[in-house]
Structures are given as structure tokens and as C-alpha cells.
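Here, residue 1 is the first one in the sequence, and each next residue gets the next number. All values reported here derive from a predicted model rather than from experimental measurement.
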Amino acid sequence: MTKDNDGINHTTNDEHQGLVNAMACFMDNGKPKVGIFWYDMVNGSLFGVEKIDAEQAVFVNGKATIGKLHKTYWQKQHHRAESKGDTSSIFYSEHSYTMIPRGRIFLDEATDRFYVCVGHWLNDIDQEHFREVLEDEFNLPEDFELVIDHHWDLGHGWSEEIF
């Protein structure tokens, strides 16, 4: 780094390139992902997305997904919103992660196909748009399957710790 006359540090070209290279790992590499999400039915968009490249996921009982739980993620975001007094945040106003449409993307080891588990709320939305949003966010192939499971129904869920 070099300091200018005002005492402000500036990176050299080599340092700049090093920073750019360090940030490159955060770019979307276009590979399919597994993970969790919530769905905003009003805006038709995902939020609270946590994902990893499917090739990095560990298979357990023939299924791969991210090692994060909806419950844990929601609690962390809820406490963060409370501590900041962010009353406009859904994480602030809603105490239960089960009251907002949510889902999880899995990769099946036997078929090498992706499937997305959601609740019966799927029947109340534009499924074509929802598929497009999922394909875009998780780089899923078009042939992924939507699976309705009561675990992801609004207000319902058993302990995700069994995953």
C-alpha cells in the first residue's frame, strides 16, 4: 500500500489483483446448489437462502443437503433483528420459522437428481414462477422435482435435528 498526501492508503496493482482474486471464491460458479430457503408469497421471491455447491455436500442415507437447519438460521436472524431493533424485519416480527413458507433442496445419490421439499403451500402459488426462482437461485437443472411433505407445511415441522 502507498499513502497519498492526505494520509489515505491506496493499494498497488498487485495488491488490488490479490483482493480481486480473494473475492472470486464468492462469485456464483454456475454449479447446482443444495440448501434452505423461505418463500415470500407476496413478492414471489426467496429470502433467508443458505446454500452450498451440491458437489461439496455430504451424503447421508443417500441424500445430500446443506448442514444448516431452518430453526437455527431463523433464531440467529431473529436475535440479530431484535438486538438492532429492526422492527421491519420478518425475522423480528415472526417468532416461528414454521409460519413462513420454507423448503429445502436435496440431491439424491441414487438418481443424481435434485428435489425440493416444500409444504402444501405450494398449491397456493404460481408454481411455474416458483420453479424459475429456484432454478435461478440454486442453479438447478430444469428436471428437478417438487415434493410436498407435511414437515414443511405452515406451522408444522418436526425436529430438523434428525437430518
Can you give me the closest heavy-atom contact between [X] and [Y], atom names plus distance?
| X | Y | value |
| --- | --- | --- |
| A54 | V34 | CB-CG1, 4.1 Å |
| F106 | C117 | CE1-SG, 3.8 Å |
| T98 | R102 | CA-NH1, 3.6 Å |

Are [X] and [Y] packed together at the side-chain level, in the sense that at least one heavy-atom pair is separated by less than 4.5 angstrom?
| X | Y | answer |
| --- | --- | --- |
| E94 | H78 | no |
| E145 | V116 | no |
| F91 | D86 | no |
| L146 | L134 | yes |

(request) First locate atom CD1 of I36, then atom OG1 of T65, and finally report the distance between them rounded to the nearest 0.5 Å. (result) 8.0 Å
Sequence-distant partners of [X], ring pair (Phe, Tyr, Trp, His ring centres under 6.0 Å), two or more places apart:
| X | answer |
| --- | --- |
| F114 | none |
| F59 | none |
| Y73 | W38 |

(message) Among residues at least two apart in sequence or on other chains, which ones pass salt bridge (charged side-chain N to carboxylate O under 4.0 Å, His left out) with E82?
(response)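 Salt bridge (charged side-chain N to carboxylate O under 4.0 Å, His left out) list for E82, sorted by chain: empty.
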(message) If the condition is salt bridge (charged side-chain N to carboxylate O under 4.0 Å, His left out), which residues does D108 pass it with, not counting sequence neighbours?
(response)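 For D108 the salt bridge (charged side-chain N to carboxylate O under 4.0 Å, His left out) partners, ignoring immediate neighbours, are K63.
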(request) Kindly say whether W152 contributes a backbone atom to a donor-acceptor pair with the side chain of R104 at under 3.5 angstrom? (result)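 Not a single qualifying donor-acceptor pair exists.
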(request) Taking H129 for its side chain and G44 for its backbone only, find out whether a donor-acceptor pair lies under 3.5 Å. (result) yes
(request) Output all residues satisfying side-chain hydrogen bond (donor to acceptor under 3.5 Å, both in side chains) with H120, sequence neighbours left out; order by chain, then residue number. (result) D153
(message) Taking the basic N atoms (NZ, or NE/NH1/NH2) and the acidic carboxylate oxygens, is any pair closer than 4.0 Å for E142 and R131?
(response)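 Looking at E142 and R131, the cut-off is not met.
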(request) For this output row, return yes or no: ring centroids of Y115 and F144 closer than 6.0 angstrom. (result)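 That pair fails the under 6.0 Å test.
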